[in-house]
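Because only heavy atoms are used, hydrogens play no part in the values below, and waters and symmetry mates are left out as well, while side chains stay in. In what follows, chains are A, B, ... by sequence order, proteins preceding strands, each numbered from 1.
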Protein chains: 2
Amino acid sequence: MDDKNISQAVVARLPRYYRYLGELRDSGIERISSQDLSSLMKVTASQIRQDFNNFGGFGQQGYGYNVEYLYNEIAKILGLDKTHNLIIVGAGNLGQALANYMNFERRGFLLKGLFDKNPALYGKELRGIAVQSVENIECFVRENDIDIAVLTIPKDGAVKTAEILVRCNIKAIWNFAHVDLNVPDNIVVENVHLSDSLMKLSYGIANQ
Amino acid sequence: MDDKNISQAVVARLPRYYRYLGELRDSGIERISSQDLSSLMKVTASQIRQDFNNFGGFGQQGYGYNVEYLYNEIAKILGLDKTHNLIIVGAGNLGQALANYMNFERRGFLLKGLFDKNPALYGKELRGIAVQSVENIECFVRENDIDIAVLTIPKDGAVKTAEILVRCNIKAIWNFAHVDLNVPDNIVVENVHLSDSLMKLSYGIANQ
DNA sequence: TATATTTTGTTATTTTTTTAGCATATATGT
DNA sequence: ACATATATGCTAAAAAAATAACAAAATATA
Ligand SMILES: NC(=O)c1ccc[n+]([C@@H]2O[C@H](COP(=O)([O-])OP(=O)(O)OC[C@H]3O[C@@H](n4cnc5c(N)ncnc54)[C@H](O)[C@@H]3O)[C@@H](O)[C@H]2O)c1
Ligand SMILES: NC(=O)c1ccc[n+]([C@@H]2O[C@H](COP(=O)([O-])OP(=O)(O)OC[C@H]3O[C@@H](n4cnc5c(N)ncnc54)[C@H](O)[C@@H]3O)[C@@H](O)[C@H]2O)c1
């Protein structure tokens, strides 16, 4: 939470640790050594210990790591101990799929609003939330303590909408449009570039 | 295509180069120096030159890079000069969103089949393709020269379906389920773990 | 045509990331 | 209580990645 200079590579590995620890916990495992976790996850034990030690020592020599404790500590590091209010901008195919997906709520990501520029969609409800006009975004974000905006609109709209969201003091943007958003440093942007992912896959096929 | 030992970090940057070069090409730019591309993309010119030189020299001293040529070369490296036949397994929210998305076809990723285990969906058409039973996957993949399977089903189903796909000699799996698939080395797996992405975003919020 | 400028490809250097090694602390078993 | 086995946290080494430097080649200019 406090100390900086954690590399992106380390942060990117945390969710995977979190997932494995959750599964261990669910199956009743109380403790695990970096060695055992290492063979389970197919990474080196050294990397596991280094990663955790970036955030302080969560283990005990001769014992290993307490699964439940470590799981909760990682949740805190990832900010999953707090809830986040989010809106989805773009209630098309992808926006609706995300809106209908329940599992994010379980991790504290609460859908509060849905926006589109197509009037035909206004009033359409997804999980009890009605789609409204994009013109309401600014007020809505300010009045409803929205942390995260999910952008599931085409790229031109995404760039312009990002500017609006910046004005509203949004904390983070989860961007599914295939464009790099230009926002101030204090705003978190996480891109999901599906076509990039598909091209990497294509590279993999082309190069055995 | 031929030489190996290209790091994943380099491959992961190629789609972004490809996107910027496409945009430059579309706006009529014929040539660009690593320096100019560097300030456009906000990476170092050195990295750009190193990256391209992994695959051979595409530029000319004193001139720079020919945009059209480089764009096409990167397409070849990424295997985008060939078409790929794909199927989607899981015609739920996400599967349908991907099926309805037209842009992948433009890059040569052709949707050939849709599969689900829910009989209520059988026959439902998306872009002219009817959903069919998962029991047909094996035959269909073998008979229709399918390269890529997109997994948009829950994790338990994904692990089992991956095993079936391996038996069918699938080349690659684009996995949206939140689980690590265990497949032979010669099969390409590209994971899209959206919840991991959302957790990284959450980390970003929690740590300023 | 000669000269100055541009810009790559490549080698060298620096930085970052990963892996290995080990001293020390804790647990376990007798 | 003591000895032995475990397994972390940390430091050191190795490997990988990113950046810088620069000679050579091509372009542009006068
Ligand atoms: N669907 C996919 O599988 C997929 C895959 C990769 C990338 N994407 C990206 O996700 C985004 C959405 O994809 P989709 O398939 O859901 O498209 P879609 O056309 O189904 O939905 C887009 C929605 O956004 C709305 N919209 C457009 N401009 C807007 C604006 N400025 N403000 C508010 N709403 C606006 C439209 O009215 C529409 O309802 C696109 O950027 C696309 O490139 C989607
Ligand atoms: N929708 C999202 O926004 C989202 C986000 C993150 C991850 N995911 C992941 O994507 C997957 C699908 O999500 P969704 O929202 O589309 O779910 P969904 O429930 O809408 O659709 C899943 C579909 O898969 C089918 N199915 C289930 N098991 C199957 C099997 N063994 N073989 C064939 N079909 C099977 C179901 O009948 C259903 O039609 C899940 O693994 C989910 O974790 C989805």
Taking atom CD of A/Glu23 as the centre, report whether more than 12 heavy atoms of other residues, nucleotides or ligands fall under 6.0 Å from it.
yes
Enumerate the residues from residues 8-22 of chain B whose closest heavy atom to DNA chain C is under 4.0 Å, giving them by residue number; use none for an empty result.
none
Working note: A/Thr44 + A/Ser38, criterion side-chain contact (heavy atoms from CB on, under 4.5 Å); need CA distance, chi angles, decisive distance, verdict.
CA-CA 5 Å; A/Thr44 65; A/Ser38 140; 5.6 Å; no
Under 4.0 Å protein heavy-atom contact, by nucleotide of nucleotides 7-13 of chain D - B base, S sugar-phosphate only:
BBBSBB-
Run the ring pair (Phe, Tyr, Trp, His ring centres under 6.0 Å) test against A/Phe58 and tell me which residues pass, sequence neighbours left out.
none
How far apart are the closest heavy atoms of [X] and [Y], and which atoms are they?
| X | Y | value |
| --- | --- | --- |
| A/Ala91 | A/Asp116 | N-OD2, 2.7 Å |
| A/Ala158 | A/Val179 | CB-CG1, 4.3 Å |
| A/Ala177 | A/Lys155 | CB-CA, 4.0 Å |
| B/Thr83 | B/Leu110 | CB-CD1, 4.1 Å |

Residues passing the side chain to side chain donor-acceptor pair (under 3.5 Å) test with A/Asn100, sequence neighbours excluded, are B/Asn93
Pick from B/Ile148, B/Leu151, B/Val150: which one makes a side-chain contact (heavy atoms from CB on, under 4.5 Å) with B/Ile88?
B/Val150
Specify the angle, to 10°, made by the local axes at the two ends of the helix from C/dT1-D/dA30 to C/dT30-D/dA1 when five pairs are taken at each end.
20°
Using the ring of each side chain (for Trp, its six-membered ring), is B/Tyr18 parallel, tilted or perpendicular to B/Tyr71, with breaks at 30° and 60°?
parallel
Only one of A/Arg49, A/Gln47, A/Gln50 clears side chain to side chain donor-acceptor pair (under 3.5 Å) with A/Ser34; which?
A/Arg49
What distance separates A/Ser202 OG from B/Leu80 CG, expressed to the nearest 0.5 Å?
4.5 Å
Between atom CG in B/Asp51 and atom P in D/dT19, what is the gap in whole Å?
10 Å
Terminal contacting nucleotides, 5' and 3', DNA chain C versus chain B (heavy atom, 4.0 Å)
C/dT6 to C/dA12
